Amino acid sequence: MKKIALLITLAVGALLILAAEDFPRWGDAHAPANDYLSPYYIEKSLEETAVPNIVTAVLADYRGYDTMFETTVIFCAGITVLTLLRRTQRKAPKAVRPRPARQGADVILQSASRLLVPVMQIFALYVLALGHHSPGGGFQAGVILGASFILLALSYDLKTMLARLSENTLLRLSALGVIIYAGIGALCLLLGDNFLAYAALKVFGFSEVMAHSHGILGVELGVAVTVMAIMFSLYVDLASGGDLDEGL
Amino acid sequence: MADFLPYIVAKYNYWAALVLLLIGLYGMIAKNNLLKKVIAMSIFQSAIILFYVSMGDKKGSTIPILLHGHGEHGALAIDPSQYANPLPHVLMLTAIVVGVSTLGVALAVLQKIHRVHGTIEEDEILESIEE
């Protein structure tokens, strides 16, 4: 088996090396990938959306459908993990062995995480809010927020964390994010434009360009909520093997 | 031979992605432990992400965030060759997060397999199915 695998790998490698001959040089400003669509985004995104971060503008505006369904994929992944692991009969012992019972609290660990978690969460909100002007946005903010909850669950234990942020709340939050995203799209539809065409939001008193900018912030918020809830719920389910008792 | 070395150097982003991709491919085929297969799949995925992001780079360009671009502007002179191509960054930004959540699904499936068969070694699972 290993020999066949090595042969296949080498064959694929040889083919790819041959193919690399036709590829543009690294850093070529006029490579095919850089010459057709992307100059339009670079030149027009500020004019059309008032968002200097082109990645954010393309992500949430020009490719809004794509990002909406990426968010839905994340939501579905969370639901899938839940349905795979929760409340099932067990034949073999747990894959993840529960942590032995604590001899008192870990003072250093818990104090450090109590200092760190608020900073992480404020930084996550900063990353979300400044996604228009600096590297950041909904996905990154969601992952940082999720990581702060995971840190709390690691340094205290899973039960303490779940008492504050229950599984039901997590599920509602993850659905809420998708609803915020799709809701903004549907709002544009109700206001008489196309789905996710943020220009329709100008009825709230913005100029057309600023309506794009605020629409992008709204959908990024939805993305952040879903990603946060799903990151933590993935951790909760995987670490406890679906039982939500003692985790790692 | 004289122009062989410049050729290698001019495309070394592809070679880096290629090596990672082959490590991932070999691991997915050859490893017996399903968890190692999942790790190999993640390495494969990283190779694709590196490949895409390196495609969008332009020599001497900066990150795709416009300089002096605050508030509403009419005409700001923008030279596309100054900024990296934003499109691969957008595609890979979503791919990374979706990759993490699909990794979560893969790990959940592994835990489920371990519950039913008591192992995640491929040959032992096959034996347990035949019994």
Side-chain angles (χ1 to χ4, degrees), chain A residues 1-2 4-6 8-9 12-13 16-17 20 23 25-29 31 33-34 37-39 41-43 46-47 50 52-55 58-59 63 66-67 70 73-74 77-78 80-81 84-85 88 90-92 95-96 133-135 139 143 207 209-210 227 230-231 234 237-238 241-242, chain B residues 10-15 18 21-22 25-26 29-30 32 54-61 63-76 78 80-81 83 85-91 93-94 96-98 100-102 104-105 107-112 114-120:
Chain A
M1 192 63 205
K2 296 223 157 132
I4 302 172
L6 197 63
I8 294 174
T9 311
V12 171
L16 286 175
I17 288 173
F23 285 178
R25 290 172 164 258
W26 188 25
D28 184 359
N34 298 336
L37 189 56
S38 76
Y41 289 144
I42 294 171
E43 281 164 0
L46 185 63
E47 204 178 301
N53 185 348
I54 310 167
V55 174
V58 177
L59 181 86
R63 296 182 65 86
D66 183 23
T67 310
E70 300 273 12
V73 166
I74 295 166
T80 312
V81 171
L84 274 172
L85 289 180
T88 39
R90 190 182 299 278
K91 282 182 197 165
V96 179
H133 298 283
S134 69
F139 285 100
V143 170
S207 69
V209 178
M210 285 317 281
V227 171
I230 292 301
M231 283 299 137
L234 283 182
D237 284 317
L238 288 173
Chain B
K11 297 192 172 180
Y12 84 79
N13 59 329
Y14 302 125
W15 313 135
L18 182 74
L21 189 136
L22 293 181
L25 186 67
Y26 178 79
I29 302 170
N32 195 33
S54 72
M55 289 283 272
D57 191 35
K58 298 169 189 167
K59 200 166 190 181
S61 67
I63 53 171
I65 298 175
L66 297 170
L67 294 166
H68 316 297
H70 295 273
E72 272 184 77
H73 286 273
L76 184 76
I78 297 160
S81 67
Y83 299 100
N85 187 347
L87 210 48
H89 293 246
V90 174
L91 299 174
L93 174 61
T94 49
I96 289 168
V97 181
V98 170
V100 169
S101 35
T102 48
V105 175
L107 292 175
V109 172
L110 281 189
Q111 287 200 8
K112 192 87 176 175
H114 189 268
R115 265 187 217 170
V116 176
H117 298 290
T119 175
I120 51 170

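Not measured: the values here are computed from a predicted model. Order of the sequence lines sets the chain letters (A, B, ...), proteins ahead of strands, with each chain counted from 1.
Scanning all heavy atoms of the two residues, the minimum distance from B:R115 to A:L85 falls at NH2-O, 3.1 Å. The two residues B:A108 and A:L84 come nearest to each other via the heavy atoms CB-CD1, 4.0 Å. The two residues B:S101 and A:L234 make their nearest non-hydrogen contact at CA-CD1, 3.9 Å. What you find for B:N85 and A:S38 is that their closest heavy atoms are OD1-CB, 2.9 Å. Nearest heavy atom pair, residue A:I42 against residue B:P80, reads CD1-O, 3.8 Å. Across all non-hydrogen atoms, the minimal contact from A:N34 to B:D57 is ND2-O, 3.7 Å.
For chain B, the nearby part of A:D28 is the backbone; its heavy atoms alone come within less than 4.5 Å. Interface residue B:L18: only side-chain heavy atoms are found under 4.5 Å from chain A. When heavy atoms are compared at a cutoff of 4.5 Å, B:L87 approaches chain A solely by way of its side chain, counted from C-beta outward. Of the two parts of B:I96, neither the backbone nor the side chain holds a non-hydrogen atom closer than 4.5 Å to a non-hydrogen atom of chain A. In this structure, no portion of B:I120 lies under 4.5 Å from any heavy atom of chain A. For A:A31, no part lies near chain B; criterion is any non-hydrogen pair under 4.5 Å. Only the side chain of B:Y14 has a heavy atom closer than 4.5 Å to any heavy atom of chain A. Residue contact with chain B, scored on non-hydrogen atoms closer than 4.5 Å, involves the backbone and the side chain of A:L6 alike. If you measure heavy-atom distances from A:V81 to chain B, the contacts under 4.5 Å come from both the backbone and the side chain. Looking at A:V73, the atoms closer than 4.5 Å to chain B (heavy atoms on both sides) all sit in the side chain, from C-beta outward.
Residues that satisfy the side chain to side chain donor-acceptor pair (under 3.5 Å) test with A:D66, not counting sequence neighbours, are A:R63.
Most heavy-atom pairs under 4.5 Å with chain A: of the set B:A10, B:S81, B:A30, this distinction falls to B:A10. In terms of heavy-atom pairs under 4.5 Å with chain B, the best-connected choice from A:R25, A:M231, A:E70 is A:E70.
You'll find the side chain of B:I29 stays beyond 4.5 Å of the side chain of A:I4, heavy atoms only. Contact of the B:T94 side chain with the A:L59 side chain is registered, since non-hydrogen atoms from C-beta on lie closer than 4.5 Å.
When B:I65, B:I63, B:L66 are each tested for a side chain to side chain contact (heavy atoms under 4.5 Å, CB included) with A:I54, only one passes: B:L66.
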Report the C-alpha distance between B:Y26 and A:K2 in whole Å, list the side-chain angles of each, state the deciding distance to 0.1 Å, and finish with yes or no for side-chain contact (heavy atoms from CB on, under 4.5 Å). CA-CA 8 Å; B:Y26 178 79; A:K2 296 223 157 132; 3.9 Å; yes
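Looking only at distances, a side-chain donor or acceptor of B:K11 sits under 3.5 Å from a matching main-chain atom of A:F23.
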